[in-house]
Peer 1: 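Sharing a structure here in structure tokens format.
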Amino acid sequence: MARRIDVTGTGGVRLAAWEFGDPPKTDPAQDGPGAGEGQGGRSGAGGSPGVLLLHGLMGRASHWAPTARWLSGRYRAVALDQRGHGRSDKPPRGAFTRDAYVDDAEAALEQLGLAPVVLIGHAMGALTAWQLAARRPDLVRGLIICDMRASALGAASQREWAQWFASWPLPFATLADVRKWFGEDDPWVERPNPARGEFYAEVMAESPDGWRPVFEPEQMLRSRETWVYDAHWEELAQVRCPALVVRGLDGELGRAEAQEMVRVLPRGQYAEVADAGHLVHYDQPEAWRAAIEPFLDSLGDD
């Protein structure tokens, strides 16, 4: 199943949140009167513990579907299409700042009744997650950071991304062409990676002239420019809850930086996934689950 729940982000932006599995059954006697009757449906606080999953730049909630289904045996797991992504609004003149993304996530977990929540974020979504955890420690009881750097990436990185978007051979004639280009032909691909091809096929939609991304590349660049020029160590140091830093062995987050992030986090832990690149949960889903399960176990279900 995939159940959509509309929530409202900052500035009135409509956001699509998704449940991909039924949450675990709870004891009504333990939940108390009215439990689970909040605006977003079943309550994470009154019933099952809540998890909010945040995708990375260009991603969408459905990228988390296998993880969310696995988590749903124990948690109420909800994945959010962030502004400009997936089925959420893509306002042409909307804000794509760090504050906007963090405000949206905060609004979503409050409207969905998920707090105190476990936040799981990939790449840009991980940055949103730790900035929210730093800002609102009362709402977050655990944090998983997947393959996101805390250091500044700089102007050269932003130029490379602009050039990369310009190199896409749009429109793609078929989804098979999407999979082949992003999995094999993209100059950024060092060796064939079918999982990467599938990842990008998930963010394409058919248009009259072929397959195009569901997002606007210009909005992605606007989103990215609000964080690539700055380092984010200070916010890491402000995260009070237990936090797990996960990296793919061949991902963008190097081991030395990941371990420094763990040191800076007041309650940081570390895990890495072999034979995985930046798209850790897509490249090695079973190993990803094995990496985060002990951390989730340590949080308990209360």
Peer 1: Please examine the side chains of Arg141 and Val118, heavy atoms only from C-beta on, and report whether any two atoms are closer than 4.5 Å.
Peer 2: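 A side-chain contact exists here, since the closest heavy-atom pair is under 4.5 Å.
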
Peer 1: Any side-chain heavy-atom pair from His278 and Glu252 closer than 4.5 angstrom?
Peer 2: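 Yes - at least one pair of side-chain heavy atoms lies under 4.5 Å apart.
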
Peer 1: Please determine whether ring pair (Phe, Tyr, Trp, His ring centres under 6.0 Å) holds for the pair Phe295 and Tyr270, giving the CA-CA distance in whole Å, both sets of side-chain angles, and the decisive distance to 0.1 Å.
Peer 2: CA-CA 10 Å; Phe295 175 77; Tyr270 174 75; over 10 Å; no

Peer 1: Identify the heavy atoms of Gln219 and Pro91 that sit nearest to each other, and give their distance.
Peer 2: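 Reported closest heavy-atom pair: NE2-O, 3.2 Å.
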
Peer 1: Would you find a donor on one side and an acceptor on the other, under 3.5 Å apart, between the side chain of Gln158 and the backbone of Leu221?
Peer 2: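 Present.
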
Peer 1: I'd like to know whether Val51 forms a side chain to side chain contact (heavy atoms under 4.5 Å, CB included) with Val78, so could you lay out the CA-CA distance, the side-chain angles of the two residues, the decisive distance to 0.1 Å, and finally the verdict.
Peer 2: CA-CA 6 Å; Val51 174; Val78 181; over 6 Å; no

Peer 1: Between Asn193 and Gly183, is there a donor-acceptor pair closer than 3.5 Å when you use the side chain of the first and the backbone of the second?
Peer 2: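 Checked: no pair found.
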
Peer 1: Could you check Glu110 against Arg136 for salt bridge (charged side-chain N to carboxylate O under 4.0 Å, His left out), going step by step and ending with a plain yes or no?
Peer 2: CA-CA 11 Å; Glu110 289 187 321; Arg136 291 294 308 271; 3.5 Å; yes

Peer 1: Atom CD of residue position Glu234 - does it have more than 12 heavy atoms of other residues, nucleotides or ligands inside 6.0 Å?
Peer 2: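 No, not enclosed.
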
Peer 1: I'd like to know if Leu57 and Val178 are part of one continuous hydrophobic network [Ile/Leu/Val/Met/Phe/Trp/Tyr, side-chain heavy atoms within less than 4.5 Å].
Peer 2: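 Val178 clusters together with Leu57.
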
Peer 1: Closer than 4.0 angstrom, basic N to acidic O: yes or no for Asp147 and Arg247?
Peer 2: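 Arg247 and Asp147: not salt-bridged.
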
Peer 1: Quick one: does Asp230's side chain have a donor or acceptor within less than 3.5 Å of a partner on Trp227's backbone?
Peer 2: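 No, because the side chain of Asp230 does not come within donor-acceptor range (under 3.5 Å) of the backbone of Trp227.
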
Peer 1: Would Arg159 and Trp161 count as a cation-pi pair here, with the cationic atom under 6.0 angstrom from the ring centre and within 45° of the axis?
Peer 2: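 Geometry flag: not set, cation outside 6.0 Å or 45°.
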
Peer 1: Return yes if some donor-acceptor pair links the side-chain N/O of His63 with the main-chain N/O of Phe199 below 3.5 Å, else return no.
Peer 2: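 Yes: the side chain of His63 pairs with the backbone of Phe199.
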
Peer 1: Do the charged groups of Arg83 and Asp89 touch, with an N to O distance under 4.0 Å?
Peer 2: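 No, no charged N to carboxylate O under 4.0 Å.
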
Peer 1: Please report the closest heavy-atom contact between Ser88 and Leu15, naming both atoms and the distance.
Peer 2: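 For Ser88 and Leu15, the tightest heavy-atom pair comes out as OG-CA, 3.2 Å.
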
Peer 1: Do Met261 and Leu253 have side chains that approach each other closer than 4.5 Å (heavy atoms only, starting at C-beta)?
Peer 2: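 Result yes, sub-4.5 Å side-chain heavy-atom pair found.
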
Peer 1: Determine, using the 4.5 Å side-chain heavy-atom cutoff (strictly less than), whether Ile144 and Leu249 are members of one ILVMFWY cluster.
Peer 2: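 No.
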
Peer 1: Please round to the nearest 0.5 Å and tell me the distance separating atom CG of Leu80 and atom NE2 of His55.
Peer 2: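 It is 6.5 Å, given to the nearest 0.5 Å.
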
Peer 1: Would a distance-only check, ignoring hydrogens and angles, find a side-chain to backbone donor-acceptor pair under 3.5 Å from Thr226 to Ser223?
Peer 2: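 Side chain of Thr226 to backbone of Ser223: a pair is present.
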
Peer 1: A side-chain contact here means heavy atoms from C-beta on lying under 4.5 Å apart; do Leu175 and Met204 qualify?
Peer 2: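 They are in side-chain contact.
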
Peer 1: Of all the heavy-atom pairs spanning Ala126 and Ile145, show the shortest one and how long it is.
Peer 2: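 In this case the closest contact between Ala126 and Ile145 is CB-CG2, 3.8 Å.
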
Peer 1: Where do Glu19 and Arg76 land on the side chain to side chain contact (heavy atoms under 4.5 Å, CB included) test, with the steps shown first?
Peer 2: CA-CA 8 Å; Glu19 286 184 294; Arg76 183 185 175 203; 2.9 Å; yes

Peer 1: When rounded to the nearest 0.5 angstrom, what distance separates CZ in Arg196 from CD in Glu184?
Peer 2: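 One finds 11.5 Å between CZ of Arg196 and CD of Glu184.
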
Peer 1: If hydrophobic clusters are built by linking Ile, Leu, Val, Met, Phe, Trp and Tyr wherever their side-chain heavy atoms come under 4.5 Å apart, do Leu114 and Tyr101 end up in the same one?
Peer 2: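 Same cluster.
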
Peer 1: Is the backbone of Ser151 close enough, under 3.5 Å, to the side chain of Glu257 for a donor and an acceptor to pair up by distance?
Peer 2: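 Looks like yes, one N/O pair under 3.5 Å.
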
Peer 1: CE of Met58 to CD of Glu216: how many Å apart, nearest 0.5 Å?
Peer 2: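 One gets 14.0 Å once the value is rounded to the nearest 0.5 Å.
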
Peer 1: Tell me whether Leu170 is reachable from Trp211 by hopping between hydrophobic residues (I, L, V, M, F, W, Y) whose side-chain heavy atoms are closer than 4.5 Å.
Peer 2: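 Trp211 clusters together with Leu170.
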
Peer 1: Does the ring pair (Phe, Tyr, Trp, His ring centres under 6.0 Å) test come out yes or no for Tyr282 and Trp288, once each step is laid out?
Peer 2: CA-CA 9 Å; Tyr282 237 68; Trp288 154 252; over 10 Å; no

Peer 1: Could you report the tightest heavy-atom contact between Ala150 and Leu236, atom names first, then the distance?
Peer 2: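 Looks like CB-CD1, 3.8 Å.
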
Peer 1: Measure the acute angle between the ring planes of His281 and Trp64, then classify it against the limits of 30° and 60° as parallel, tilted or perpendicular.
Peer 2: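 It falls in the parallel class, under 30°.
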
Peer 1: Taking all heavy atoms of Gly56 and all of Ala123, pick out the closest pair and write down the distance.
Peer 2: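 Residues Gly56 and Ala123, closest heavy atoms: CA-CB, 4.1 Å.
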
Peer 1: Are Cys241 and Leu299 packed together at the side-chain level, in the sense that at least one heavy-atom pair is separated by less than 4.5 angstrom?
Peer 2: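 The answer is no, as the side chains (C-beta and beyond) never meet within the 4.5 Å cut-off.
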
Peer 1: Of all heavy-atom pairs between Gln269 and Ser298, which one has the smallest distance, and what is that distance?
Peer 2: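 Looks like NE2-OG, 4.4 Å.
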
Peer 1: How are the rings of His85 and Phe215 set to each other: parallel, tilted or perpendicular (split at 30° and 60°)?
Peer 2: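 Correct class here is tilted.
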
Peer 1: Nearest 0.5 Å, please: how far is CD1 in Ile120 from CG in Leu71?
Peer 2: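 CD1 of Ile120 is found 5.0 Å from CG of Leu71.
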
Peer 1: In terms of heavy-atom contacts, does CZ of Arg69 have more than 12 from other residues, nucleotides or ligands at under 6.0 Å?
Peer 2: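 More than 12 heavy atoms, drawn from other residues, nucleotides or ligands, come within 6.0 Å of this atom.
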
Peer 1: Given the rule in the side chain to side chain contact (heavy atoms under 4.5 Å, CB included) test, do Arg212 and Ser207 qualify, once you have shown the distances and angles that lead to the verdict?
Peer 2: CA-CA 7 Å; Arg212 294 181 178 274; Ser207 60; 3.7 Å; yes

Peer 1: What's the verdict on salt bridge (charged side-chain N to carboxylate O under 4.0 Å, His left out) for Asp138 and Arg240, showing C-alpha distance, side-chain angles and the deciding distance?
Peer 2: CA-CA 10 Å; Asp138 56 310; Arg240 301 179 193 173; over 6 Å; no

Peer 1: Given Arg74 and Asp297, is the side chain to side chain contact (heavy atoms under 4.5 Å, CB included) satisfied, shown in steps?
Peer 2: CA-CA 10 Å; Arg74 177 171 174 179; Asp297 289 343; 2.6 Å; yes

Peer 1: For the CG atom of Asp186 and the OH atom of Tyr200, what is their distance to the nearest 0.5 Å?
Peer 2: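 That separation rounds to 7.5 Å.
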
Peer 1: Stepwise, does the salt bridge (charged side-chain N to carboxylate O under 4.0 Å, His left out) test hold for Asp81 with Arg87?
Peer 2: CA-CA 6 Å; Asp81 277 335; Arg87 299 285 185 87; over 6 Å; no

Peer 1: Checking side chain to side chain contact (heavy atoms under 4.5 Å, CB included) against Phe96, which of Gln82, Glu225, Arg222 comes through?
Peer 2: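 Exactly one option meets the side chain to side chain contact (heavy atoms under 4.5 Å, CB included) with Phe96, and it is Arg222.
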
Peer 1: Are Arg135 and Glu106 close enough for a salt bridge, meaning some N to O gap below 4.0 Å?
Peer 2: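 So Arg135 pairs with Glu106 through a salt bridge.
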
Peer 1: Heavy-atom distance under 4.5 Å between the side chains of Leu127 and Arg98, does that happen here?
Peer 2: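 A side-chain contact exists here, since the closest heavy-atom pair is under 4.5 Å.
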
Peer 1: Can you tell me how the ring of Trp130 sits relative to the ring of His232, calling it parallel under 30°, perpendicular over 60° and tilted otherwise?
Peer 2: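 The rings of Trp130 and His232 stand perpendicular, inter-plane angle above 60°.
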
Peer 1: Is any side-chain heavy atom of Gln284 closer than 4.5 Å to one of Val280?
Peer 2: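 No, their side chains stay 4.5 Å or more apart.
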
Peer 1: Can you find a heavy atom in the side chain of Thr67 that is under 4.5 Å from one in the side chain of Leu53?
Peer 2: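 The answer is yes, as the side chains (C-beta and beyond) meet within the 4.5 Å cut-off.
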
Peer 1: Would you say Leu109 and Trp18 are hydrophobically clustered, going by side-chain heavy atoms of ILVMFWY under 4.5 Å?
Peer 2: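 No.
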
Peer 1: Taking only Lys NZ, Arg NE, NH1 and NH2, and the carboxylate oxygens of Asp or Glu, determine whether Asp6 and Arg4 approach each other closer than 4.0 Å.
Peer 2: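 So Asp6 pairs with Arg4 through a salt bridge.
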
Peer 1: Would you give the length of the straight line joining atom CG of Leu112 to atom CG of Leu52, rounded to the nearest 0.5 angstrom?
Peer 2: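 That separation rounds to 7.5 Å.
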
